[in-house]
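Working notes for the structure below.
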Amino acid sequence: MIKEINTERLILRPWQESDAEALYKYAQDPAIGPIAGWPPHTSVEDSLNIIRTVFAAPETYAVELKQTGEPVGSIGIMFGDGLHSVEMQENEAEIGYWIGKPYWGQGLIPEAVRRLMQRCFEDLGINAIWCGYYDGNTKSRRVMEKCGFRFHHTEEGKTSPLGDIRTEHFMKMTKEEWEELK
């Protein structure tokens, strides 16, 4: 993982233990995690544990606002050898993301996703990128559409990390499709 990735308004950087309070501030909101399949954080200690475990994975980044220096969300690239929600082929990856509710609708996550798409295709030798969203998560679907992903397939009866049964939709972009968008 590289130290940090800059976009116009963001710094994508590794999570640090000192980010636990900021993470908890946004990840405790029940409007954020459950729609993406994870439980709201219950304490600063819970958030610290997530930083030490889940967010310690390679290519997992805090979404930090350049203007304030505060991490307000998370984004990451997941490969076929780790926990992921789609069956990926070799040289494919999945991008996952979330952002705190006060920052919804500002185009920040599409900005971050586009930059990680570039990282995947130009730096990591990825041939295709997947994104998935659960039924009802229209905001996440909209991010994917804005970034040029195309619908691939739907899987019904999937057990989410919360243990409930959901329908998940998958979108995909190949390197060739990305080249045409540039």
Side-chain angles (χ1 to χ4, degrees), residues 4-57 59-78 83-86 94-117 119 129-149 151 154 158-171:
E4 68 179 40
I5 300 171
N6 285 279
T7 71
E8 182 182 338
R9 298 176 290 170
L10 304 169
I11 297 171
L12 309 180
R13 58 157 177 85
W15 283 93
Q16 302 161 5
E17 290 188 1
S18 59
D19 295 327
E21 281 191 40
L23 175 57
Y24 176 63
K25 177 178 172 183
Y26 299 107
Q28 69 175 320
D29 187 334
I32 306 290
I35 199 160
W38 49 270
H41 292 199
T42 57
S43 65
V44 173
E45 293 74 26
D46 185 25
S47 293
L48 179 59
N49 185 50
I50 295 295
I51 290 170
R52 289 176 174 162
T53 57
V54 178
F55 289 173
E59 301 294 336
T60 301
Y61 301 93
V63 176
E64 178 182 300
L65 295 177
K66 282 184 178 178
Q67 191 174 25
T68 65
E70 180 184 34
V72 297
S74 188
I75 190 165
I77 304 167
M78 295 153 286
L83 290 174
H84 52 86
S85 56
V86 69
E94 180 178 359
I95 294 179
Y97 48 81
W98 65 267
I99 194 163
K101 195 171 182 179
Y103 302 98
W104 289 2
Q106 298 178 27
L108 295 167
I109 285 296
E111 184 176 318
V113 169
R114 285 187 195 100
R115 184 59 185 86
L116 283 195
M117 291 166 62
R119 174 145 175 79
I129 302 170
W130 295 86
C131 285
Y133 66 94
Y134 291 119
D135 245 5
N137 193 347
T138 54
K139 291 179 181 354
S140 189
R141 184 192 74 219
R142 188 70 190 116
V143 167
M144 295 170 205
E145 292 170 347
K146 285 180 183 179
C147 292
F149 284 85
F151 175 78
T154 295
K158 297 218 25 169
T159 303
S160 84
L162 290 175
D164 57 345
I165 304 300
R166 299 189 186 194
T167 297
E168 189 169 8
H169 307 280
F170 292 96
M171 298 180 86

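Quantities reported herein were computed from a predicted structural model and do not represent experimental measurements. As a basis for the values below, the full set of heavy atoms in this structure was taken, side chains included, without hydrogen atoms, waters or symmetry mates.
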Work out which heavy atom in [X] is nearest to a heavy atom in [Y]; give both atom names and the distance.
X: Cys131; Y: Ile95; answer: SG-O, 3.5 Å
X: Pro34; Y: Pro40; answer: CG-CD, 3.8 Å
X: Ala62; Y: Pro71; answer: CB-CB, 4.0 Å
X: Cys147; Y: Val113; answer: SG-CG1, 3.7 Å
X: Glu94; Y: Gly132; answer: OE2-N, 4.0 Å
X: Val54; Y: Thr60; answer: O-OG1, 4.3 Å

For residues His41 and Tyr24, establish whether the separation of their ring centroids is below 6.0 Å. no
Problem set entry | Student check: side-chain heavy atoms of Thr167 and Thr154 closer than 4.5 Å | yes
Distance in Å, [X] [atom1] paired with [Y] [atom2], rounded so as to fall on 0.5 Å steps:
X: Leu10; Y: Ile5; atom1: CG; atom2: CD1; value: 11.0 Å
X: Arg9; Y: Lys66; atom1: CZ; atom2: NZ; value: 10.5 Å
X: Met144; Y: Phe151; atom1: CE; atom2: CZ; value: 11.5 Å
X: Asn49; Y: Ser43; atom1: CG; atom2: OG; value: 9.0 Å
X: Arg13; Y: Asn6; atom1: CZ; atom2: CG; value: 11.5 Å
X: Ile35; Y: Lys139; atom1: CD1; atom2: NZ; value: 8.0 Å

Quick one: side chains of residues 98-106, donor-acceptor pairs under 3.5 Å with protein atoms, not counting sequence neighbours, listed by atom name and distance.
{"residue": "Tyr103", "atom": "OH", "partner": "Tyr26", "partner atom": "OH", "Å": "3.4"}
{"residue": "Trp104", "atom": "NE1", "partner": "Ile99", "partner atom": "O", "Å": "3.0"}
{"residue": "Gln106", "atom": "NE2", "partner": "Pro102", "partner atom": "O", "Å": "3.1"}

Report task. Decide yes or no on salt bridge (Lys or Arg N to Asp or Glu O under 4.0 Å) for Arg141 and Glu145, but give the supporting numbers first. Result -> CA-CA 6 Å; Arg141 184 192 74 219; Glu145 292 170 347; 3.2 Å; yes
Counting distance only, does the side-chain N/O of Asn137 pair as donor-acceptor with the main-chain N or O of Ser140 below 3.5 Å? yes
Looking at Thr42, is its backbone amide N or carbonyl O close enough to the side chain of Asp46 to form a donor-acceptor pair, meaning the two atoms are under 3.5 Å apart? yes
Verdict with supporting geometry, Trp38 and Ile50, side-chain contact (heavy atoms from CB on, under 4.5 Å): CA-CA 11 Å; Trp38 49 270; Ile50 295 295; over 6 Å; no
Report task. Starting from the C-alpha separation in whole Å, work towards a yes-or-no answer on side-chain contact (heavy atoms from CB on, under 4.5 Å) for Leu23 and Phe55. Result -> CA-CA 11 Å; Leu23 175 57; Phe55 289 173; 3.8 Å; yes
Distance to the ring centre below 6.0 angstrom and angle to the axis at most 45 degrees; does that hold for Arg166 and Tyr134? yes
| message | What verdict does the side-chain contact (heavy atoms from CB on, under 4.5 Å) test give for Glu59 and Arg119, after you've listed the backbone C-alpha separation in whole Å, the side-chain angles of each residue and the deciding distance to 0.1 Å? | response | CA-CA 10 Å; Glu59 301 294 336; Arg119 174 145 175 79; 2.7 Å; yes
Is there a side-chain contact (heavy atoms from CB on, under 4.5 Å) between Glu64 and Glu70? Walk through the geometry before answering.
CA-CA 5 Å; Glu64 178 182 300; Glu70 180 184 34; 5.9 Å; no
Applying side-chain hydrogen bond (donor to acceptor under 3.5 Å, both in side chains) to Ser74 and Trp15, what does each step give before you reach the verdict? CA-CA 9 Å; Ser74 188; Trp15 283 93; 3.2 Å; yes
Would you say Glu21 has more than 12 foreign heavy atoms packed within less than 6.0 Å of its CD?
no
Hits for salt bridge (Lys or Arg N to Asp or Glu O under 4.0 Å) against Arg114, two or more places apart or cross-chain, chain-then-number order -> none
